[in-house]
Undergrad: 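Next up is a structure, given as structure tokens.
Residue numbers start from 1 in every chain, and the chains themselves are labelled A, B, ... in the order their sequence lines are given, proteins ahead of strands. Given the structure is predicted, the values throughout are model-derived calculations rather than measurements. As a basis for the values below, the full set of heavy atoms in this structure was taken, side chains included, without hydrogen atoms, waters or symmetry mates.
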Number of protein chains: 2
Amino acid sequence: MTAATSDEGAAVPVTIRDVARASGVHISTVSRTFSAPHLVNPETRVRVLACAEDLGYRPNRAARALITGRTHNIGLIIADIANPFFPPLIKAAESQARHRDYHVFVADTNEDPTAEEELVHALAKQVDGVLLCSPRMSNSLIEQLSREVPLVVVNRQVTGLPCVLMDVGQGARAAIEHLVGLGHTRIALLGGPRSSWTNREMRRAAATAARAGGAELTLLGPNAPTETGGSAVAEQVRRSGVSAVLAYNDLMAIGLIEGLDALGVRVPQEVSVVGVDDIALSRLTRPKLTTVATPTAAAGRTAVDMLLQQDTESPRGTRGLGAGTALGVRRTTAQVMLQTDLVIRDSTGPGPQARPARPLAASLGPDPHCPAGPGTATAATGDAVAS
Amino acid sequence: MTAATSDEGAAVPVTIRDVARASGVHISTVSRTFSAPHLVNPETRVRVLACAEDLGYRPNRAARALITGRTHNIGLIIADIANPFFPPLIKAAESQARHRDYHVFVADTNEDPTAEEELVHALAKQVDGVLLCSPRMSNSLIEQLSREVPLVVVNRQVTGLPCVLMDVGQGARAAIEHLVGLGHTRIALLGGPRSSWTNREMRRAAATAARAGGAELTLLGPNAPTETGGSAVAEQVRRSGVSAVLAYNDLMAIGLIEGLDALGVRVPQEVSVVGVDDIALSRLTRPKLTTVATPTAAAGRTAVDMLLQQDTESPRGTRGLGAGTALGVRRTTAQVMLQTDLVIRDSTGPGPQARPARPLAASLGPDPHCPAGPGTATAATGDAVAS
DNA sequence: TACTTCACTGCAAACCTTTGCAGGATCACC
DNA sequence: GGTGATCCTGCAAAGGTTTGCAGTGAAGTA
């Protein structure tokens, strides 16, 4: 209703000055009306607010950020938005941020380390901090970038920086033990991206667990952490003669099952498959996927909390300090490890030892084993465990 | 290597002034070195660049935006990042933007119209324009917001605003004709969100096509456009006695198939199901989903192009003009309609007429029909058709 | 030599907001 | 009536950058 809401197409930018003029006060009073209302007379306040509403005034967040050093934005950099692993993390981060009056900007790097670096630079001055999820760049580069903007790293351990980790080592161990318990003695590990911390952790833990269980572990990879990455190695899996596979993530596991199916190899009758992540999709495929559930939502929430905490500790561009902390004392660098849980569904079954003769196995019926019914194990609780 | 790269934890913000001091020139020369290099002496330029590199200087984009009125950012607001329909669109938009030296910030609204509005405001001064994908708010609110920041709308027709539309009407028609051709005479339409433009278009087109084909169309909905939204209506579908269903999107279709399966109703033997979107997942389910493929990537690209074109037309905050265009002449408001394609896979089969007696149908074997083999029809070309 | 042209650089205003400081008015209290 | 406190508001600097304008010196031209 009125002046500025005329139907001109182009946006006429209305500033604090226009509001000041319209309501007959100084611009500083208008500013305070928005950023410190208790400091201004209630009468004046309503008048200013009315004028602002009338003119369609919105504080310019860029200008505000310039002087306060606070944008109230968080950057969220992820490797691949098409990977269903990330959306729950993103949503949890967003909701947590919203509670604290922050907004989240998501950016996708297409698994490209160069894009990662560039995006951190681009975001640096437009956000108060960046969440780096499953980064593909080097630790040293991450450390270097952390001097430009506060960083919280997810799914990667960087000394000196706050990290949110998921205990995929424990998950891989549980998966291998599950497979060994089913009678599998030759197991393959489908590796993910070479630069992935998760990948290394899984490999280490799986190797230890296999050795302890007396099973032989074959390493296949690195591979693209996608469905096609999984289906591409189906032939290799078949030739390798293993009876069970632990895949880097659910997407690869699903792709592998598809690929094996195309080769006439049946899951879980001939080969058992375990994934990691417990994405929504893993409950929709046939067979339903046995997988290591990772607490993605909890990770998103925790990461935001850590960033905002670190952020409020050093307000206003951190002018003063710096010299005092020269000798590596740095800021708080808590690292949080979240627990994972093995969810047993239908893609794993008895190994060669425990199995009857081959031809029979193929016609066992729709529900070949199911130790405790599909989807019994609960999703990860995501309890935080400081380390 | 040097001064600023000391190992203090806190980021000491280095500005254009520091670089100027270090290289012995005025700040304006430093500025030009970055924003208009051809205006500065090559020797000076290398010196300045060396100093900048040395100090770790990065232009402050917020400050730059404040004065130029250009942020080189694009906002992308979507209803639900967990819906696999969106990632291809996001990725295409990002890649297109990157080519034009823009960055994309994605924000998720959780299908909440209030969050949508709030996000537009929050983004307004931090981006040069916003892509509004499948908005849930009212047309009038969209028009109002478009005065605050340039907008391009995807999957919604708003007069006076640039829009990128997908011809779901044509898609729904093709789907109904396909089903009628298979002998189905009682078909249900699983509706999506009430406020969705796509939903209305589909309903209209499906109704017309059904009437033309002599089939009876039952409307079920509105429903949440998710997998659970689909599985929730399985019982209702069974009771309704229809032999075929066209779902609002693939997620619902897949959920419905799951739900029907749980009730012992087999797809496509007893009920045929068609989805919309052709998300990657639709090729992974059993049965593989017959669906209307929408050109999501092309939509993302096109939307960015339209935004940037509109953007470059009116540089620098559009100070001058405005009065001249008062009478609804506005800026260019091209609307683009992208084509869709029906992809026939395994979730649709012959209707009751064409079928043998009921009891037999249940044991027909794995591949009941397959008119032309799975996945024959090609994905949508996405040719733009101005309208 | 005088004049023009050119390439380069410095100056200062501008963008929009926040905020420390100080001034003015009002009020209570002694 | 004087003192102090309290509440509200204005002033002006600051934040980091861009950019029109003007100035400098050198090279080119007549």
Undergrad: NE2 of B/His38 versus C1' of C/dC6: gap in Å, rounded?
TA: 14 Å

Undergrad: Ignoring backbone atoms, establish whether A/Ser28 has a side-chain N or O less than 4.0 Å from OP1 or OP2 of D/dG10.
TA: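 No.
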
Undergrad: Using only modelled atom types and a 3.5 angstrom limit, is any donor from either the side chain of B/Arg58 or the base of D/dG16 paired with an acceptor on the other?
TA: no

Undergrad: Between A/Arg32 and A/Ile16, just flag the one whose closest nucleotide in DNA chain C comes earlier from the 5' side.
TA: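 Comparing both residues, the 5'-ward one is A/Ile16.
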
Undergrad: Can B/Gln126 and A/Gln126 be counted as having a side-chain donor-acceptor contact under 3.5 angstrom?
TA: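 The answer is no; no qualifying pair exists.
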
Undergrad: In whole Å, I'd like the distance from the NZ atom of B/Lys125 to the P atom of C/dC16.
TA: 9 Å

Undergrad: For B/Asn60 and D/dG15, what is the distance between atoms CG and C1' respectively, to the nearest whole Å?
TA: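 Rounded to the whole Å, the gap is 9 Å.
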
Undergrad: At less than 4.0 Å, is any side-chain N or O atom of A/Thr29 found next to OP1 or OP2 of D/dG10? Yes or no.
TA: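 Yes, such a contact exists.
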
Undergrad: Which listed nucleotide (C/dT9, C/dC16, D/dC8) is nearest to the side chain of B/Leu66?
TA: C/dC16

Undergrad: For DNA chain C, which residues in residues 18-26 of chain A have a heavy atom at a distance below 4.0 Å?
TA: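 When residues 18-26 of chain A is checked for heavy atoms under 4.0 Å from DNA chain C, there are no hits whatsoever.
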
Undergrad: For the pair made of CZ in B/Arg17 and P in C/dC11, what is the distance, rounded to whole Å?
TA: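 My rounded result for the distance is 12 Å.
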
Undergrad: OP1 or OP2 of C/dT9 versus the side-chain N and O atoms of B/Thr44: is any pair under 4.0 Å?
TA: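 Answer yes for this pair, as a side-chain N or O of B/Thr44 is under 4.0 Å from OP1 or OP2.
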
Undergrad: For A/Leu119 and A/Asp108, work out which heavy atoms get closest and say how close.
TA: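 Taking A/Leu119 first and A/Asp108 second, the nearest heavy atoms are CD1-O, 3.8 Å.
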
Undergrad: Output yes when a side-chain donor or acceptor of A/Thr29 lies under 3.5 Å from a complementary backbone atom of A/Val25, and no otherwise.
TA: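 No, A/Thr29 side chain to A/Val25 backbone: no donor-acceptor pair under 3.5 Å.
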
Undergrad: Can you tell me the distance, in whole Å, between the CD1 atom of A/Ile67 and the C1' atom of D/dG15?
TA: 6 Å

Undergrad: Any side-chain donor-acceptor pair under 3.5 Å between A/Asp305 and A/Gln96?
TA: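 Their side chains do contain a donor-acceptor pair, which is all the 3.5 Å distance test asks for.
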
Undergrad: To the nearest Å, give me how far apart CZ (A/Arg64) and C1' (D/dA14) are.
TA: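 Those two atoms, CZ and C1', are 17 Å apart.
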
Undergrad: For a quick test of reading the model: is some side-chain N or O of A/Thr68 closer than 4.0 Å to OP1 or OP2 of D/dG15?
TA: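 False: A/Thr68 side-chain N/O out of range (4.0 Å or more) of D/dG15 OP1/OP2.
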
Undergrad: In whole Å, what is the span from the CG atom of B/Leu39 to the C1' atom of D/dC21?
TA: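 Atom-to-atom, B/Leu39 to D/dC21, this comes out as 14 Å.
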
Undergrad: Drop me the distance from B/Arg47's CZ to B/Asn41's CG, to the nearest 0.5 angstrom.
TA: 8.5 Å

Undergrad: Counting distance only, does the side-chain N/O of A/Asp80 pair as donor-acceptor with the main-chain N or O of A/Asn110 below 3.5 Å?
TA: no

Undergrad: May I ask you to say whether B/Arg136 pairs ionically with B/Glu116, meaning some side-chain N is under 4.0 Å from a carboxylate O?
TA: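 No, this pair does not count.
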
Undergrad: Roughly, in whole Å, what's the span from OH in A/Tyr57 to P in C/dC16?
TA: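 Taking atom P of C/dC16 as the reference, OH of A/Tyr57 is at 10 Å.
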
